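Written below as structure tokens is the structure these notes are about.
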Amino acid sequence: MPTTLNPSQLDAEALYSVLLQQVKTGLAGVANVAIVGIHSGGAWLAERLARDLDLADRLGVLDVSFYRDDFAQKGLHADVKPTQINFEVAGATILLVDDVLYTGRTTRAAINELFDYGRPAKIMLAALVDRGERQLPVAADFVAAFTTVPPGQALVLKQADTGTFTLTLA
Ligand SMILES: O=P(O)(O)OC[C@H]1O[C@H](OP(=O)(O)OP(=O)(O)O)[C@H](O)[C@@H]1O
Ligand SMILES: O=c1cc[nH]c(=O)[nH]1
């Protein structure tokens with residue numbers, strides 16, 4: 001059971017190991033699995049999960065910018081990356097991956113976009129950190145840690161050139 005941690009003391013690499021173990025257990029024996037990461041932090045995590053789970057040929061990435069309900073305010077991501085889904089979505093069990101789960105609006109946008117590619121058998125959600133304060137009825141199936149972030153601050157996942165993850169409070 002993930003614990004509630006101090007947001008300034010989150011060890012992203014340790015949390016990744018926890019998430020990997022949860023996903024390994026949760027998807028054991030499940031057929032037709034694919035992994036889809038949400039650009040950008042979720043995509044880094046999804047890539048590593050796909051490698052560690054031997055699912056590199058079943059990896060996709062979503063840039064949900066156009067599907068956001070707040071697109072008019074947020075606009076495009078500074079580093080836009082096209083959505084890439086190179087597997088059959090219809091009938092697949094898709095593990096959607098994001099770094100931080102907060103309002104749930106990014107997840108809603110990602111599910112909408114996925115359905116434009118076909119009707120999955122099931123979508124499951126994995127998040128490295130759940131910081132609560134949801135604005136939509138969204139819950140993750142796999143979460144490495146829960147935390148509470150002070151108002152006006154955000155948790156930011158970074159990936160070094162070596163591939164190492166860090167989480168900082170900004
Ligand atoms: O649950 P929500 O309130 O939607 O917030 C979570 C999302 O916010 C961040 O993405 P952001 O759009 O900041 O882009 P990033 O991944 O590049 O940081 C984060 O990576 C999640 O995707
Ligand atoms: O704290 C937050 C909230 C939304 N998205 C993030 O990446 N961090």
Side-chain angles (χ1 to χ4, degrees), residues 2-20 22-23 34-51 59-85 89 94-117 120 123-170:
T3 39
T4 300
L5 301 175
N6 182 325
S8 56
Q9 290 173 348
L10 296 171
D11 178 342
E13 281 295 320
L15 294 180
Y16 173 77
S17 299
V18 171
L19 192 66
L20 173 62
Q22 288 181 10
V23 169
I35 300 186
V36 173
I38 301 175
H39 181 62
S40 54
W44 299 332
L45 290 163
E47 194 181 346
R48 184 138 156 211
L49 283 169
R51 229 178 21 243
L59 172 66
V61 60
L62 289 179
D63 188 323
V64 302
S65 300
F66 290 121
Y67 288 76
R68 297 194 65 95
D69 57 87
D70 53 2
F71 175 63
Q73 292 95 43
K74 265 196 122 165
L76 283 174
H77 202 282
D79 161 33
V80 183
K81 203 170 176 211
T83 288
Q84 272 194 316
I85 304 287
V89 165
I94 295 178
L95 180 71
L96 191 59
V97 182
D98 210 349
D99 49 357
V100 180
L101 181 55
Y102 177 37
T103 64
R105 289 175 191 271
T106 303
T107 307
R108 196 282 309 161
I111 293 171
N112 259 35
E113 184 167 6
L114 270 180
F115 270 82
D116 282 357
Y117 287 84
I123 299 176
M124 300 182 88
L125 178 63
L128 196 63
V129 182
D130 184 342
R131 56 166 285 189
E133 300 185 67
R134 218 75 83 236
Q135 295 172 359
L136 295 173
V138 170
D141 300 277
F142 309 106
V143 178
F146 293 95
T147 194
T148 306
V149 174
Q153 292 199 276
L155 279 174
V156 180
L157 182 75
K158 291 199 177 122
Q159 188 179 39
D161 291 343
T162 54
T164 303
F165 293 126
T166 49
L167 267 169
T168 50
L169 200 52

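Atoms within each ligand, like the ligands themselves, are counted from 1 in listed order. Just so it is clear, the structure is predicted and the values come from calculations on it, not from any experiment.
- Under 3.5 Å, the side chains of Tyr67 and Asp116 contain a donor-acceptor pair of N or O atoms.
- For Gly42, the closest heavy-atom approach to ligand 1 does not fall below 4.0 Å.
- Interface of Arg105 with ligand 1, defined as ligand atoms under 4.0 Å from a residue heavy atom, comprises 4 (O).
- Considering backbone and side-chain N/O atoms, Thr107 never comes within less than 3.5 Å of an N/O atom of ligand 1.
- Using a distance-only test at 3.5 Å, with no hydrogens or angles considered, no donor-acceptor pair links the side chain of Thr147 to the main chain of Arg131.
- The nearest protein atom to atom 4 (C) of ligand 2, hydrogens excluded, is given as Tyr102 CD2, 3.8 Å; this is a heavy-atom distance.
- Salt-bridge formation is not detected for the pair Asp70/Arg105: no Lys NZ or Arg NE/NH1/NH2 atom is positioned less than 4.0 Å from an Asp or Glu carboxylate oxygen.
- Look at Glu13 and Arg48 and you find a salt bridge, because one of the NZ, NE, NH1 or NH2 atoms lies within 4.0 Å of a carboxylate O, short of that distance.
- When Glu133, Arg105, Arg131 are checked for heavy-atom proximity to atom 1 (O) of ligand 2, Arg131 turns out nearest.
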Can Leu49 and Tyr16 be said to form a side chain to side chain contact (heavy atoms under 4.5 Å, CB included), step by step? CA-CA 9 Å; Leu49 283 169; Tyr16 173 77; 3.6 Å; yes
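- With a heavy-atom cut-off of 4.0 Å, Thr103 touches ligand 1 through backbone and side chain alike.
- Leu155 O, 3.1 Å is the protein heavy atom nearest to atom 7 (O) of ligand 2.
- Ring pair Phe165/Trp44 is parallel by interplanar angle, where below 30° counts as parallel and above 60° as perpendicular.
- Under 4.0 angstrom from ligand 1, the non-hydrogen atoms of Asp98 all belong to its side chain.
- Short contacts between ligand 1 and Asp99, defined as distances under 4.0 Å to a heavy atom of the residue, involve ligand atoms 19 (C), 20 (O), 21 (C).
- When Val129, Val138, Leu136, Thr106 are ranked by how near their heavy atoms come to atom 7 (C) of ligand 1, first place goes to Thr106.
- For ligand 1, the atoms lying closer than 4.0 Å to a non-hydrogen atom of Gly41 are 16 (O).
- A donor-acceptor pair shorter than 3.5 Å cannot be found between the side chains of Glu133 and Thr103.
- Among the atoms of Gly104, some N or O lies under 3.5 angstrom from an N or O of ligand 1.
- Under the side-chain contact (heavy atoms from CB on, under 4.5 Å) rule, Lys158 has a single partner from Asp99, Thr164, Thr168, which is Thr168.
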